[in-house]
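Single-structure report; data block below.
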Amino acid sequence: MSIDEVFRRILRSKIFKNRKVLMPDYIPNELPHREKEIERIAITLAPALRGDRPNNLFIYGLTGTGKTAVVKYVLSRLEAKALELGSKVKGIYVNVRHRDTPYRILADIALEIGAKVPFTGLSTGEVFGRLVSKLRGLDGIYIIVLDEIDFLIRKHGDDVLYKLTRINELLDKAKVSIIGITNSVKFVENLDPRVRSSLGEEEMVFPPYNAEQLRDILAQRARMAFRENVLERDVIPLCAALAAREHGDARRALDLLRVAGEIAERLGDDKVRKEHVMLAREEIERDRVADVVRSLPLHSKLVLAAILAASGGGRVAVTTGEIYEWYKKIVKLLDIEEVTFRRVSGIIGELDMLGIIQARVISRGRYGKTRIISTAADPKTMLASLEEDPMLDPVLEIVEREALSKDERNNR
DNA sequence: CCTCCACAGGAAGCGCAGGAGT
DNA sequence: ACTCCTGCGCTTCCTGTGGAGG
């Protein structure tokens, strides 16, 4: 296929009318099956239009239950209404997972309201100070949305949150409300009670979508995204069913649909079929794993290599001790300084959290307590991503051979 | 029932890089 | 040039623990 032909195909896609509406950050004009939630949030925030401070709001719900979309949607409508009425209302959205230090969060908020703050260099306290002094010069209602707030608490405690919830005491004209969004319900338990009560003036829960609701969502977006009649009848139900299995994640469902369309297009098909969805599922998982592995720091990669070697490419579950032995071997071959056992243990925990391995603590009684570790992603994908790092060249051959040799042993 | 293994995983703190303000 | 800040990857030191074997 010539380059020109590639371009031509993309330009007049037989599949997509408007691919953007399937992207994760797209906020549609209608959010099916979230009418109740929209209304509740609207009711909570509405006082802002009269110049009153809305109650702080705390929202729980698993990933892909529409929390972010609903909040953004209501905020934009609220801002529009405020403009119409001439009242000053501003929503400030911060995703805490992406800007996961107190400093960056405060800096983002400060920048949004027009204070000048450098990327780094100041103390967190000083940024907070600048934020406050800027706000003191303003009036109006500021609604700060802290999305995925649990990331902040887990890594840095609730100090910032405490300060933010009490910021109104330092202001006279401007007022601040906070909307906290989280997908882990249990993180609230280890929150300072003062923060908890102040943040949770109002609380609401977003339930997962079921397969039927997912179908509606997909159907609505598909009408905008795809050309007429390119989706085979069973495509949407399949995407919905797969995503419903993963705790009703609408985002996952939309990803599946989009990638399935992209695959169909790449294959030059003029219809999106079930098979494309299945391929999409694999591709999404592969990409996720590859991204995670690629961005790992050196010793995490080495530990992952050790796990693959020790477990024979994921065939056998292994213990932390066994992994550490392999890790030391690898490090010696590469002539790199080794990290401590404690650190390797920590790295194993991190890899577990990233979902590329599975580690479970067990007790073997007399023979001690340990974690048994197995792979949670395709070993071949992980190996391939490790190969991209030239540092690992000298050992990968051995790791790969080890992974295969156990395979062969099993076959015999 | 108690022991004691082989770790788990918390706490504190260190050295460094990267960036600012003075 | 110097000081001060933060995040990160890491070390050191530590206490805690489920359950097989005695």
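Below, chains carry the letters A, B, ... as their sequence lines are ordered, and counting in each starts from 1.
In this structure, A:Arg258 fails the cation-pi test against A:Phe16, since its NZ or CZ atom is not both closer than 6.0 Å to the six-membered ring centre and inside 45 degrees of the ring normal.
Per the geometry, CG belonging to A:Asp352 stands 11 Å off P belonging to B:dA8, to the nearest Å. At whole-Å resolution of the value, CD1 in A:Ile336 and C1' in C:dG9 are 15 Å apart. Here B:dA8 presents its P atom at 14 Å from CZ of A:Arg360, a figure rounded to the nearest Å. If you take CZ of A:Arg343 and P of C:dT11, they are 8 Å apart, rounded to a whole angstrom. Nucleotide C:dC10 holds its P atom 9 Å from the CD atom of A:Glu350, rounded to whole Å. If you take CG of A:Leu298 and P of B:dC16, they are 18 Å apart, rounded to a whole angstrom. Atom CG of A:Leu296 is separated from atom C1' of C:dG9 by 13 Å (rounded to the nearest Å). In this structure, the CZ atom of A:Phe341 is 15 Å from the P atom of B:dG10, given to the nearest Å.
Between the OG atom in A:Ser300 and the CZ atom in A:Arg343 there is a gap of 6.0 Å [rounded to 0.5 Å].
Put simply, A:His299 has no side-chain N or O that comes within less than 4.0 Å of OP1 or OP2 on C:dG9. In terms of phosphate contacts, A:Ser345 brings a side-chain nitrogen or oxygen within less than 4.0 Å of OP1 or OP2 of B:dA8.
Not a single donor-acceptor pair, N or O on each side, falls under 3.5 Å between the base of C:dG18 and the side chain of A:Arg364.
Contacts of A:Glu338 with the nucleic acid, taken as non-hydrogen atoms under 4.0 Å apart, involve only primed sugar atoms and P, OP1 or OP2. A:Arg371 comes within contact range of the sugar-phosphate backbone alone, with a heavy-atom separation under 4.0 Å but no base atom that close.
Set against C:dA20, C:dC10, B:dC7, the side chain of A:Thr319 has B:dC7 as its closest nucleotide. The listed nucleotides are B:dC7, B:dT3, C:dT12; the one nearest the side chain of A:Arg366 is B:dT3. Here the side chain of A:Arg342 is nearest to one of C:dG9, C:dT17, C:dC13, namely C:dC13. If you check C:dT12, C:dG9, B:dC7 against the side chain of A:Pro297, the one that comes closest is C:dG9. Distance from the side chain of A:Ser363 is smallest to C:dG18 among B:dC7, C:dT11, C:dG18.
Of the possible donor and acceptor atoms, none in the side chain of A:Gln358 sits under 3.5 Å from a partner among the backbone N and O of A:Ala376.
The aromatic rings of A:Tyr327 and A:Tyr324 lie parallel to each other, with less than 30° between the two planes, well short of the 60° mark.
Under 3.5 Å, the side chains of A:Arg252 and A:Thr63 contain no donor-acceptor pair of N or O atoms.
The nearest heavy atom of DNA chain B to A:Gly368 and to A:Ile373 marks one nucleotide each, and the one closer to the 5' end goes with A:Gly368.
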